[in-house]
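What you see is a predicted model, and the numbers here were worked out from it, not measured in a lab. Per chain, numbering begins at 1; letters A, B, ... match sequence-line order.
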Amino acid sequence: MARKFTTPRGTVDILPEEQPYWRQVLRVAEQTALAFGYRRIDTPVFEQADLFVHGTGEATDIVQREMYIFQDRSGEMLALRPEGTPNVCRAYLQHGMASRPQPVKLYYVAPAFRYERPQAGRLRQHTQFGCEAIGSSDPALDAEAIELLWRMYEALGLDDLYVLLNSIGDQSCRPAYVARLRVYYELHLAEVCDDCRRRYDQNPLRLLDCKNGQCQPVIAGAPAITDALCEPCAAHFASVQAYLDAAGVAWQLTPRLVRGLDYYTRTVFEIVPGDAGSQGTIGSGGRYDGLMEVLGGPPTPGIGFATGIERIILNLRKRVVEVGPDPLLRVVVAAVGEGPRVAAVALVSRLRRAGVQAVVGDGTRSLKAQLRQAEGLAPQYVVIVGDEELRRGRLQVRERATWNEERLTEGELLARLSD
RNA sequence: GUGGGCGUAGCCGAGCGGUUAAGGCGCCAGGUUGUGGCCCUGGAGAUCGAGGGUUCGAAUCCCUCCGUCCACCCCA
């Protein structure tokens, strides 16, 4: 049908029926983050575009072709947040958080925007829950971030998940490795796919992540970055692994795992479902020890992750995980005729002030219709107010599920409701 | 950004060149004057995603666009 207005491509409405999932996921996410000592931070939906150009990285797809970027009326270049980490780091610097006890551990729930071609599990606006621990390079924080994410999924009832873990080194060892990788690939360019030839030029690390069948033998023969780590990076990585084991989180060493963002150093990880489709990653993150300097701050290490709420819910639905229903409506008051309507409005007003969720039936409809309406609203009690009830000072109160009917005074009704 | 599938009322879904465009769910109303879940009856709701074209005639064929889904790409 010809609708005049619809949601923009790649965006969705979250209808009342879906809200229980959101409430549940956000509740668990926040609880878990708080339990791990993280505190909430909120940052603007839009920021100076350069924050992401420099922070997320000029070479990334996100910056090159996916940002929602615009000029405001003063001519300033702004961008809708494509991911959360640069905002949090900017806030850390802006508010002098280096003078707080380190590390500063922050979490956020925020929409992210990327101009991409939508498909299941990939939207132009999606919601990320993320955590960042800034100001320490302790590998225990890396392990803790991974564990936090893992425990959160666990609490939500998601199983069949896998932690993929890798280290991609730092400035002192990665460049040499990338050079070696290039030398290796130079000899095999004829055997790999077109995308890989492009990656060879633009983003060599990503060569390892190619899913094209013809490239797999070449990947298998490539030097592994985990063999090329410098001593400090190797030691750090070993500690991360040991701490994960200590925390009881199972992980899989995945040398081919690299990440799309420029700022990652050392630890990178993803959590994927066992039956993952192409948009399978539900959460991922890593260490970004060089990011703060890029943003103009002093050298400050950091580790963090983000997970997509929509993808979590997708997986919860796939597994038919139960979530609590909406808080139930407790009373619907049906009334026909002006006198009873006035009394009914006054009654629900008092009920609500007493903390009871209550509504009146639609006064433009018959009593029968109001009762049908009440059925749809599924309250605990249905109350009927008519002239007779007003005369007697007693309400007709029905427990909807049992049809059990009583004549009660308002006080008795309230007592019943407070059981 | 590339390739492919799909697009009929709020939802599911028949029809696939000539029909008043089925049916189900849901919604609304009625089945005597104030009584809900089942049942019965009735009603509202569709410019057949949009715009062009072919044809005497198009939901049905063609083109373009839009949306959605799948794969790639990328990533949460």
Engineer: Is it the case that the side chain of A:R122 and the backbone of A:R117 share a donor-acceptor pair, with hydrogens and angles ignored and the cut-off at 3.5 Å?
Structural biologist: yes
Engineer: Please determine whether the number of non-hydrogen atoms from other residues, nucleotides or ligands lying under 6.0 Å from atom OH of A:Y200 exceeds 12.
Structural biologist: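 Yes, because the 6.0 Å sphere around OH of A:Y200 holds more than 12 heavy atoms from other groups.
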Engineer: Between B:G23 and B:A9, how far is it from one P atom to the other, in whole Å?
Structural biologist: 15 Å
Engineer: Identify which nucleotide among B:G36, B:G1, B:C75 has an atom closest to any side-chain atom of A:R117, counting heavy atoms from C-beta outward.
Structural biologist: B:G1
Engineer: Please state the P separation for the pair B:C61 and B:C16 - nearest whole angstrom.
Structural biologist: 10 Å
Engineer: With the stacking rule set at 5.5 Å and 30°, tell me whether A:Y115 counts as stacking on B:G1.
Structural biologist: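 Not stacked by the 5.5 Å and 30° rule.
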Engineer: Both A:V336 and A:E310 contact RNA chain B. Which one's nearest nucleotide lies toward the 5' end?
Structural biologist: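 It is A:V336 whose nearest nucleotide is closer to the 5' end.
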Engineer: May I ask you to say what A:A306 touches in the nucleic acid, namely base, sugar-phosphate or nothing, with a heavy-atom cut-off under 4.0 Å?
Structural biologist: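 Sugar-phosphate: the residue A:A306, judged by heavy atoms under 4.0 Å, touches backbone atoms but no base.
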Engineer: Describe the nucleic acid contact of A:I312 in one word from base, sugar-phosphate, nothing, applying a heavy-atom distance below 4.0 Å.
Structural biologist: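 Counting heavy atoms under 4.0 Å across all strands, no contact is made by A:I312.
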Engineer: Less than 4.0 Å between a side-chain N and a carboxylate O, is that true for A:R416 and A:E406?
Structural biologist: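 Salt bridge present between A:E406 and A:R416.
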Engineer: Going by an N to O cut-off under 4.0 Å, is there a salt bridge joining A:D42 and A:R40?
Structural biologist: yes
Engineer: Report which part of the nucleic acid A:R198 touches: base, sugar-phosphate, or nothing (heavy-atom distance under 4.0 Å, all strands).
Structural biologist: sugar-phosphate
Engineer: Give one of base, sugar-phosphate or nothing for A:A112, where a contact means two heavy atoms less than 4.0 Å apart.
Structural biologist: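 No contact at all - A:A112 keeps every heavy atom at 4.0 Å or more from the nucleic acid.
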Engineer: Need to verify one output field. Residue with the more 5' nearest nucleotide on RNA chain B, A:T11 or A:E66?
Structural biologist: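 By nearest-heavy-atom nucleotide position, the 5'-most residue is A:T11.
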Engineer: Is A:E17 touching bases, backbone alone, or none of the nucleic acid, heavy atoms closer than 4.0 Å?
Structural biologist: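 No contact at all - A:E17 keeps every heavy atom at 4.0 Å or more from the nucleic acid.
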Engineer: Between B:C27 and B:A58, how far is it from one C1' atom to the other, in whole Å?
Structural biologist: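 Pairwise C1' distance, B:C27 against B:A58, rounds to 32 Å.
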Engineer: At under 4.0 Å between heavy atoms, what does A:D195 touch on the DNA or RNA strands: base, sugar-phosphate, or nothing?
Structural biologist: sugar-phosphate
Engineer: Within the side chain of A:S239, is there an N or O that forms a donor-acceptor pair under 3.5 Å with the backbone of A:F237?
Structural biologist: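 The answer is no, because no donor-acceptor pair under 3.5 Å joins these two groups.
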Engineer: With C1' as the reference atom in both, quote the distance from B:G24 to B:G45 in angstrom, rounded to an integer.
Structural biologist: 15 Å
Engineer: Go ahead and name the base partner of B:U47; Watson-Crick or wobble counts if both distances stay under 3.5 Å, otherwise write none.
Structural biologist: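 Looking at the geometry, B:U47 pairs with no nucleotide.
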